[in-house]
Amino acid sequence: MKRVGVASLMHESNTFYPVPTNREMFRDTCLVSGREVISHWGEAHHEIGGMLEVLPALGLETVPLLTGTAMPSGPVEEEAYEEILAEILDRISGESLDGLLLALHGAMVAQHVRDADGRTAAKIRQLVGPDLPIVMTLDLHANVSPLMIGSVTATTIYRTYPHLDQRERGREAARILAETLEGRIRPVQALVKPPLCISILAQGSRYEPMADLYRRMEELIHQEGVVTASIAPGFAYADVEEMGPGFLVVTDGDGPRARNEALGLARRAWDRRHELTLLGTPIGQAVREAMADDAGPVTLLDVGDNVGGGSPADGTLILEEVIRTGSGPALVVLFDPAAVQACAASGVGTDVSLEVGGKSDGLHGPPIPIRGRVRCLHDGAFVEEEPRHGGARYNNQGLTALVETGEGHAIVLNSLRMAPMSLEQVLSLGIKPKSYRILVAKGAIAPVAAYEPVSSRMVYVDTPGITSANPAHFDYRHRPRPLYPFEPETVWDLS
Ligand SMILES: [Zn+2]
């Protein structure tokens, strides 16, 4: 029986966020090896779960190596990155493998190397030699680099944002690897990167023009001789040379065709580039719109403090506007370990006066004074059984306090930064989201899967911050130039 290694190192790194990601932050989210990989990911709606599911059915032996993932944040510390990579390399060299499944993110930046995923893939390739088939999966927010693609045999990337097809991509990667090992296909891949930046708010795979691009991609995948195809709209919050969308086609042995088809997809996006720049609704208008909606609650997406994009999770600008205008009641989750400790010291059922949020930096609003009652304290562990963006099943937001204010707002304070991918984050505290007028979710498109079912509508709010929808706010040093829309006159020279 042929033996297939399964390894993963995933992080979405926001280079505009000054807090680096260390090893402990990987441990807080998930850093497991050997058999633990199977218990942690086996049932999860994640690519690792999909790989583990189909490998036995394909007649292949699974060799779980190591998986590491951390909540998006600043670039990964050199020591943490090198240590985890060395462990992966160690485990690979300790096994005799016939193939490898590698789940990377594609937007990981380490403090000492900007194309960290490219380096990870290249180091693994160097170790196993040129002939071992490696099939890689990437997040849709990958800034795909030639080094990543050049280091592996084939690649497949999530096709949905919110990311709900992660498990299926893992299954697909395993099938491509199996067919390669059987000698039935000989994957050749081509990557095309037009000089373009796609706004995070234009990346939703259900909305035009992305929906059109994904339909065209699916048609292509069903053609004879095409192994798979992918579109990665990219991650504008990583200031790297490969920032921007990637169009990738994998064919069975036909390099020129792979390149032509990838060019065709990229051209289609380029032709609609004016539709790929979107900004959100101003804060005041968003709160007014929410209060005017009697069918509520309305979810206000705090795009400038998009935790899944690496922001601090304690931005207060929407809460400030809600309180200032006497709107609500609102449900707001804030990362604030100090306020949690104050609630824990005071105790459940007691009244507290706190200054909440706004403590990480001066970019996402000030701390906000609140008075209210501590309704519950929770260890922060919750399980998500449905397919949700990110595919995590076991989640941990650290010690968490729910404070109900005199105005009826529910302020959830947690001790570990947690992106709002799962409604269980608040349901586990006994909160009934439908009893509020306003739900604040700190993200862009990703929280839609969790919040849309309990909301009358979703409003993307143009909050400032390190994940603002307007990349013109950022000072780039490494991104490609020229790039549309930063340089509006950009010409894509294909000669
Ligand atoms: Zn993503």
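The structure displayed is predicted, hence computed values, not measured ones.
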Exercise. Do the ring centers of Tyr394 and Phe382 come within less than 6.0 Å of each other?
Worked result: no
Exercise. Within a radius of less than 6.0 Å around CD of Glu24, do more than 12 heavy atoms belonging to other residues, nucleotides or ligands occur?
Worked result: no
For this session: Give a yes or no on whether a salt bridge exists between Arg114 and Glu241, defined as a side-chain N under 4.0 angstrom from a carboxylate O.
Result: yes
Seminar exercise, completed: What one should report as the nearest heavy-atom pair of Pro282 and Asp462 is N-CB, 4.3 Å
Exercise. Looking at Ile200 and Ala444, what are the two nearest heavy atoms and their distance?
Worked result: CG1-CB, 3.8 Å
Exercise. Does a side-chain heavy-atom distance below 4.5 Å link Pro20 with Gln111?
Worked result: yes
For this session: Could you walk me through whether Asn414 and Thr400 pass side-chain hydrogen bond (donor to acceptor under 3.5 Å, both in side chains), step by step?
Result: CA-CA 4 Å; Asn414 59 24; Thr400 300; 5.4 Å; no
Exercise. If we only count heavy atoms from C-beta on, is the Gln397 to Ser415 side-chain gap below 4.5 Å?
Worked result: no
For this session: Flag the pair Val4 / Val63 as yes when at least one side-chain heavy-atom distance between them is below 4.5 Å, and no otherwise.
Result: no
Exercise. Is the charged tip of Arg23 near the ring of Phe26: under 6.0 Å from the six-membered ring centre and within 45° of its axis?
Worked result: no
Exercise. Under 3.5 Å, side chain of Ser199 to main-chain N/O of Leu278, donor-acceptor pair present?
Worked result: yes
Exercise. For Glu404 and Val374, what are the C-alpha separation, side-chain angles and deciding distance, and is it a side-chain contact (heavy atoms from CB on, under 4.5 Å)?
Worked result: CA-CA 7 Å; Glu404 193 176 273; Val374 181; over 6 Å; no
Problem set entry | Between His105 and His11, ring centroids under 6.0 Å | no
For this session: Could you tell me whether Lys193 and Glu242 make a salt bridge, using a distance below 4.0 angstrom between a side-chain N and a carboxylate O?
Result: no
Problem set entry | Pair Ile149-Met136, side-chain contact (heavy atoms from CB on, under 4.5 Å): steps then yes or no | CA-CA 9 Å; Ile149 298 305; Met136 173 172 73; 4.3 Å; yes
Problem set entry | Donor-acceptor pair, side chain of Glu43 and main chain of Gly49, under 3.5 angstrom | no
Problem set entry | Test side-chain hydrogen bond (donor to acceptor under 3.5 Å, both in side chains) applied to Ser353 and Arg371, step by step | CA-CA 4 Å; Ser353 286; Arg371 298 170 66 86; 3.0 Å; yes
Seminar exercise, completed: Partner of Leu100 under side-chain contact (heavy atoms from CB on, under 4.5 Å), picked from Leu65, Val128, Val152, is Leu65
Problem set entry | Counterpart residues, side chain to side chain donor-acceptor pair (under 3.5 Å), relative to Glu79 (two or more places apart) | none
Exercise. Any side-chain heavy-atom pair from Leu427 and Pro433 closer than 4.5 angstrom?
Worked result: yes
Problem set entry | Verdict with reasoning, Glu77 to Thr21, per side-chain hydrogen bond (donor to acceptor under 3.5 Å, both in side chains) | CA-CA 6 Å; Glu77 281 182 357; Thr21 301; over 6 Å; no
Problem set entry | CZ/Arg27: more than 12 non-hydrogen atoms of other groups inside 6.0 Å | yes
Exercise. About how many Å separate CG of Leu201 and CG of Leu301, when rounded to the nearest 0.5 Å?
Worked result: 8.5 Å
Problem set entry | Heavy-atom pair with the smallest gap, counting every atom of Leu377 and Ala401 | CD2-CB, 3.7 Å
Problem set entry | For the student: nearest non-hydrogen atoms of Val250 and Ala154, plus distance | CG1-CB, 4.2 Å
Exercise. Relative to Tyr214, does Arg159 satisfy both conditions: NZ or CZ under 6.0 angstrom from the six-membered ring centre, and within 45 degrees of the ring's axis?
Worked result: no
Problem set entry | Check: Arg91/Ser33 side-chain N/O donor and acceptor closer than 3.5 Å | yes
Problem set entry | Pair Arg479-Glu487, salt bridge (Lys or Arg N to Asp or Glu O under 4.0 Å): steps then yes or no | CA-CA 12 Å; Arg479 69 162 173 87; Glu487 289 82 32; 2.8 Å; yes
For this session: Kindly state whether the ring of His141 and the ring of Tyr158 have centres lying under 6.0 angstrom apart.
Result: no
Problem set entry | Stepwise side-chain contact (heavy atoms from CB on, under 4.5 Å) test for Leu483 and Met243 | CA-CA 10 Å; Leu483 204 62; Met243 191 270 268; 3.9 Å; yes
List the atom pairs, donor and acceptor, that lie under 3.5 Å between side-chain atoms in residues 331-340 and the rest of the protein, sequence neighbours left out.
unit_1	atom_1	unit_2	atom_2	d
Asp336	OD1	Ala338	N	3.4
Asp336	OD1	Ala339	N	3.0
Asp336	OD1	Lys359	NZ	3.1
Asp336	OD2	Gly357	N	2.8
Asp336	OD2	Lys359	NZ	2.7

Problem set entry | Test item: Cys197 and Pro485 side chains (from C-beta on) under 4.5 Å apart, heavy atoms | yes
Exercise. Between Thr228, Ile231, Val144, which is the residue that forms a side-chain contact (heavy atoms from CB on, under 4.5 Å) with Ile157?
Worked result: Val144
Exercise. Going by atom types only, do Ser311 and Asn306 share a side-chain donor-acceptor pair under 3.5 Å?
Worked result: no
For this session: Evaluate the side-chain proximity of Thr316 to Pro366: yes if any heavy-atom separation is below 4.5 Å, no if none is.
Result: yes
Exercise. With a 4.5 Å limit on heavy-atom distance, are the side chains of Leu31 and Ile84 in contact?
Worked result: yes
Exercise. Strictly by modelled atom types, are Thr67 and Ser8 linked by a side-chain donor-acceptor pair under 3.5 Å?
Worked result: no
Seminar exercise, completed: On a heavy-atom basis, the closest approach of Pro64 and Ile38 is CG-CD1, 3.9 Å
Problem set entry | Exercise: identify the closest heavy-atom pair between Ala174 and Val54 | CB-CG2, 3.4 Å
Problem set entry | 4.5 Å side-chain heavy-atom contact, Thr281 and Val461 | no
Problem set entry | Residue Arg375 excluded, over 12 heavy atoms near CZ under 6.0 Å | no
Problem set entry | Pair Phe16 + Phe474: ring centers closer than 6.0 Å | yes
Exercise. Does Ile370 offer a backbone N or O that forms a donor-acceptor pair with the side chain of Thr405 under 3.5 Å?
Worked result: no
Exercise. So, Thr160 versus Asp165: side-chain donor-acceptor pair below 3.5 Å or not?
Worked result: yes
For this session: Flag the pair Tyr476 / His478 as yes when their ring centroid distance falls below 6.0 Å, and as no otherwise.
Result: no
Problem set entry | Arg35, CZ: over 12 other non-hydrogen atoms inside 6.0 angstrom | no
Problem set entry | Residue among Leu319, Leu354, Leu402 satisfying side-chain contact (heavy atoms from CB on, under 4.5 Å) with Ile411 | Leu319
Exercise. Hey, what's the ring geometry for Phe235 with Tyr237, parallel, tilted or perpendicular (30° and 60° as the breaks)?
Worked result: perpendicular
For this session: Using distance alone, with no hydrogens and no angle criterion, decide if Glu384 and Ser422 have a side-chain donor and acceptor under 3.5 Å apart.
Result: yes
For this session: Step by step, work out the salt bridge (Lys or Arg N to Asp or Glu O under 4.0 Å) result for Arg171 and Glu168.
Result: CA-CA 5 Å; Arg171 292 189 196 107; Glu168 178 49 30; 2.7 Å; yes
For this session: Starting from the C-alpha separation in whole Å, work towards a yes-or-no answer on side-chain contact (heavy atoms from CB on, under 4.5 Å) for Leu413 and Val356.
Result: CA-CA 8 Å; Leu413 304 162; Val356 296; 3.8 Å; yes
